[in-house]
Amino acid sequence: MAIDLDILTVRIAPQDDPETNFFWASGEDGKLRFKHCQDCGYYSHPPTPRCPKCLSANMQPDPVSGKATVLTYTVNIQQWVPGQAPYIIAIVTMEEQDDLRLTTLLAGVELDDPNIIGMKVEVRFLARDDVWYPTFVPEGSPA
Ligand SMILES: [Zn+2]
């Protein structure tokens, strides 16, 4: 059975921003993309107009594997919106680069699972109003 990615009762759409719009639309074809320096190969997130390593302006969004490892997480139990169930907010490290990290929702994991840190995870996208929200699930979860 597919994992329910629709964790949040309310989602605030990202701002229209030419620097980040690619990120929110990337999941339309099922691929996660990050700004990638075409000169030195460094991925930059949040997106930057110049490479933080070599200062090149030759940056473009490139797809990554979507595979990551949970670096750390927290369980949000505060109901900022009435009726919101507790959920996991994680920081994941992408497989492509040790400091390419994303703060994201983690779905398909029990809140009290003792093995969340270090868990291998992969991206899935929740599409809402032309935004593809990246969400991570345990690697190998049903599509
Ligand atoms: Zn560079």
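Indexing begins at 1, ligand by ligand and atom by atom, following the structure's order.
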- Would you say the side-chain atoms of S26 pair up with the backbone N or O of K31, donor to acceptor, closer than 3.5 Å? yes

- Message: Please check: side-chain N/O of E96 versus main-chain N/O of S65, any donor-acceptor pairing under 3.5 Å?
- Response: yes

- Message: Strictly by side-chain hydrogen bond (donor to acceptor under 3.5 Å, both in side chains), give each pair with a member in residues 130-143 just once, sequence neighbours left out.
- Response: none

- For the Zn ion (ligand 1): protein N/O/S atoms at distances below 2.8 Å: 4

- Task: Report the distance from atom CD of E95 to atom CG of L100, rounding to the nearest 0.5 Å.
- Result: 11.0 Å

- Item | Spatial distance of atom CG (L106) from atom CD1 (I91) [nearest 0.5 Å] | 12.5 Å

- Taking the six-membered ring for Trp, are F34 and Y43 parallel (under 30°), tilted (30 to 60°) or perpendicular (over 60°)? perpendicular

